2 protein chains.
Amino acid sequence: MATIRDVAARANVSVATVSHVMNGSRRVNDETRQRVLDAIHHLKYRRHGIARSLRRSKSGAIGVIISDITNPFFADLVRGIETAIQEIDPESHIILSNTDEDAAKELQVIDVLMEKRVDGLILAPAGGNEGFLSDLVSRAFPMVFVDRALPQVDADSVVVDNTVGARRIVEHLIALGHRRIAAMRATLHATSIDARISGYQTALREAGIKPDPRLVIESASEIGAAYAAGQRVLALDPIPEAVFCSNNFTTLGLIRAIHAAGLRCPDDIAVVGFDDFPWADSFHPQLTAVSQPAFAMGEDAIRLLFDRINERRTGKSVQLTLSTDLVVRESCGALIKRGAPTP
Amino acid sequence: MATIRDVAARANVSVATVSHVMNGSRRVNDETRQRVLDAIHHLKYRRHGIARSLRRSKSGAIGVIISDITNPFFADLVRGIETAIQEIDPESHIILSNTDEDAAKELQVIDVLMEKRVDGLILAPAGGNEGFLSDLVSRAFPMVFVDRALPQVDADSVVVDNTVGARRIVEHLIALGHRRIAAMRATLHATSIDARISGYQTALREAGIKPDPRLVIESASEIGAAYAAGQRVLALDPIPEAVFCSNNFTTLGLIRAIHAAGLRCPDDIAVVGFDDFPWADSFHPQLTAVSQPAFAMGEDAIRLLFDRINERRTGKSVQLTLSTDLVVRESCGALIKRGAPTP
DNA sequence: TTGTATGCGTTATCAC
DNA sequence: GTGATAACGCATACAA
């Protein structure tokens with residue numbers, strides 16, 4: 001592989017000149033520049049990104065730590081990050097790591113990324129590493145939380161208004177006449193799930209319905225567990241008229257349980273979910289859901305991050321809260337019972 | 001940030017010694033080692049991955065180029081790659097790029113990755129860059145194709161037996177009594193789709209059914225287009241008894257079209273798809289599909305790649321063909337018409 | 001068992 | 001408008 005010296009030699013110039021034509025960092029005589037360009041072309045020269053990183057003390061790598069890329073929400077988020085990087089600084093790239101919500105794994109992954117000298121970190125924190133993370137931000141390391149924030153850690157964050165989103169969709173359920181509304185609570189050490197459940201409870205209370213803790217069923221965030229939890233929901237006596245699922249997994253598990261039990265949705269039981277996904281309208285009935293702007297969250301997160309990296313912004317952290325959309329389809333019963341009203 | 005010199009100074013040893021204790025690359029007196037370890041600990045020293053890469057001329061980066069991480073197949077594949085990397089060489093990491101099946105984007109992305117000096121490439125080729133890629137492998141650059149191979153490019157590859165997979169599932173349809181079987185052909189410049197359609201035709205022929213080109217409907221690999229294509233399938237006269245969908249998108253589009261038309265599956269029309277996904281059994285009816293070992297493909301691909309990188313294997317390329325699984329659920333009509341026979 | 005010194009390929013400072 | 005050269009932080013060949 002040709003180096004900058006090879007190019008310099010062939011073009012009869014110094015390495016400095018080659019470097020400057022590559023980077024446009026100072027005026028170069030047109031004829032000289034052309035000689036350099038020719039040499040570059042002939043030698044198929046590509047600059048050595050690693051050497052460059054070392055010299056400029058900027059790796060061009062952004063660490064992105066999520067729980068699972070297999071989750072469509074995170075896949076969209078990552079595409080958003082990638083797209084925005086392309087616009088803002090195409091020389092940068094993502095290093096992606098999955099933690100599966102495991103705090104220990106998260107810690108280890110961050111360690112590796114620090115050794116790789118990532119310029120910054122976008123993190124959907126699993127929770128449990130607050131101390132370490134606080135230390136990081138206090139040393140001014142560029143970091144932004146996404147999807148969930150950690151109250152104890154004062155970093156930038158991009159989240160969604162979980163409370164309002166959950167509240168709206170449960171209000172919708174209530175407007176349709178449902179009263180006995182259960183909830184599936186995904187067990188994650190994340191503030192987001194708590195907020196969703198709390199939005200659910202608020203909606204009930206405002207409608208004069210007393211939240212019944214027995215109607216809140218816990219479920220691990222994994223498809224098998226969610227199926228089992230779904231069966232527990234159906235075993236409630238009497239069976240709920242509607243169910244609010246606090247994330248992807250619980251929705252899928254419940255729907256499967258409903259079909260397995262030979263029940264019909266929304267006739268026998270209505271279902272709504274937090275977090276929409278591309279397949280939602282291939283479902284039968286099509287799923288009514290709270291849709292999160294995952295792609296936009298990724299874009300915003302990376303923008304905040306670059307602002308930190310380039311020190312366009314220092315000091316006080318900023319919290320971005322995007323709003324969700326209520327996507328009314330069929331599983332809530334809306335279309336069937338009375339058309340598609342908006343709450 | 002502390003450097004190796006800081007550590008050396010604090011421990012009263014040379015940088016060489018520090019380097020050797022970090023890497024375990026030569027014997028060091030126990031007491032000396034302890035001093036070094038203490039210094040490392042006190043200074044919170046982390047070695048500089050970039051400098052290390054430069055010196056060892058090994059970036060520890062693996063380029064992974066796929067069409068879209070949002071596709072569950074690729075998400076699984078990437079998790080497989082990541083998991084195997086963790087085992088084989090935890091110092092390495094993935095740089096992920098999406099091409100959206102765009103050859104120009106693919107070329108550009110590869111260029112960027114080459115500048116970053118990735119140690120190797122795992123690529124689901126979009127097609128169209130055969131010349132460039134051939135050049136790369138001829139210069140012994142480690143590369144392995146995944147999901148699809150390029151006949152003109154002699155690189156290692158990990159694919160699935162598309163023909164057999166498609167054939168089996170269509171045979172299953174035939175065994176259930178379906179005769180008029182349509183197919184949805186995703187338009188991709190990929191050998192995999194061709195192979196699937198050809199498997200479909202073979203199954204028909206072997207059953208004495210003459211493949212009818214009018215029953216093969218084209219669809220772009222995008223959900224909206226697939227929905228429209230699905231409607232075209234339903235508009236065939238007479239309506240097919242069953243449909244074989246050649247990938248994820250076409251399956252989803254068709255199912256949606258069926259529901260929208262008020263038809264019932266499998267009673268009015270049976271559906272099977274190539275490429276299973278985690279949500280398939282939350283569908284109603286649950287989807288019968290050919291399941292690909294995406295995770296394992298990722299593992300195998302990275303293994304092949306590391307063999308190249310470490311020159312454990314040179315020269316002749318190897319082709320790995322994994323087999324698929326037929327997952328019989330409900331959409332084919334099997335359970336409903338006669339229990340769940342295996343073909 | 002340990003240390004010295006060179007170079008990996010750049011960028012950037014300083015000099016001309 | 002151009003060039004010489006000193007870092008960037010590490011691994012390692014060679015010495016001791």
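Model, not experiment: these values are computed from the prediction. Throughout, protein chains are lettered first and strands after them, A, B, ... in sequence-line order, and every chain is numbered starting at 1.
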> If each of B:S25 and A:S14 is mapped to the nucleotide of DNA chain D with the nearest heavy atom, which maps nearer the 5' terminus, i.e. the 5' end?
A:S14
> Might you point out which heavy atoms bring B:L304 and B:R313 nearest each other, and give the distance in Å?
O-NH2, 3.2 Å
> Round to a whole Å and report the spacing from CZ of A:R117 to P of C:dT10.
21 Å
> How close or far is atom P of D:dT12 from atom NZ of B:K58, stated in whole angstroms?
12 Å
> Describe the nucleic acid contact of B:R33 in one word from base, sugar-phosphate, nothing, applying a heavy-atom distance below 4.0 Å.
nothing
> Looking for any heavy atom pair under 4.0 Å, which part of the strands does B:S57 touch: base, sugar-phosphate only, or nothing?
nothing
> Looking at every strand, decide which applies to A:N12 at a 4.0 Å heavy-atom threshold: base, sugar-phosphate, or nothing.
sugar-phosphate
> Taking OP1 and OP2 of D:dG1, is either one under 4.0 Å from a side-chain nitrogen or oxygen of A:R27?
yes
> Across the strands shown, which category fits A:V28 at heavy-atom distances under 4.0 angstrom: base, sugar-phosphate, nothing?
sugar-phosphate
> Should the side chain of B:R26 and the base of C:dG3 be counted as holding a donor-acceptor pair, with the cut-off at 3.5 Å?
yes
> Over all heavy atoms of both residues, which pair between A:V13 and A:T32 is shortest? Give the atoms and the distance, please.
CG1-CG2, 3.5 Å
> Can you tell me how far C1' of D:dG9 sits from OH of B:Y45, to the nearest Å?
7 Å
> Rounding to an integer number of Å, can you tell me how far A:R5 CZ sits from D:dG3 P?
14 Å
> Determine the minimum heavy-atom distance between A:S14 and A:A8, stating which atoms define it.
C-CB, 3.8 Å
> Would you mind telling me which of D:dA11, C:dG9, C:dT10 lies closest to the side-chain atoms of A:L54?
C:dG9
> Taking only N and O in the side chain of A:T32, is any of them less than 4.0 Å away from OP1 or OP2 of D:dT2?
yes
> How many Å lie between CZ on B:R56 and P on D:dA11, as a whole number?
7 Å
> Quick one: is B:T17 getting a side-chain N or O under 4.0 Å of the C:dG3 phosphate, OP1 or OP2?
yes
> For B:R55 and C:dG9, what is the distance between atoms CZ and P respectively, to the nearest whole Å?
10 Å
> Atom CZ of A:R47 and atom P of C:dC8: how far apart are they, to the nearest Å?
20 Å
> Using the side chain to side chain contact (heavy atoms under 4.5 Å, CB included) rule, take A:H93 and B:V112 through it: C-alpha gap first, then chi angles, then the decisive distance, then the call.
CA-CA 9 Å; A:H93 66 270; B:V112 172; 6.0 Å; no
> Roughly how many Å is it from NE2 in A:H20 to C1' in C:dT10, rounded to a whole number?
12 Å
> So, for A:I85 and A:F306, which heavy atoms are closest and what is the spacing to 0.1 Å?
CG1-CE1, 4.1 Å
> 5'-most contact on DNA chain C: B:V13 or A:I4, nearest heavy atom basis?
B:V13
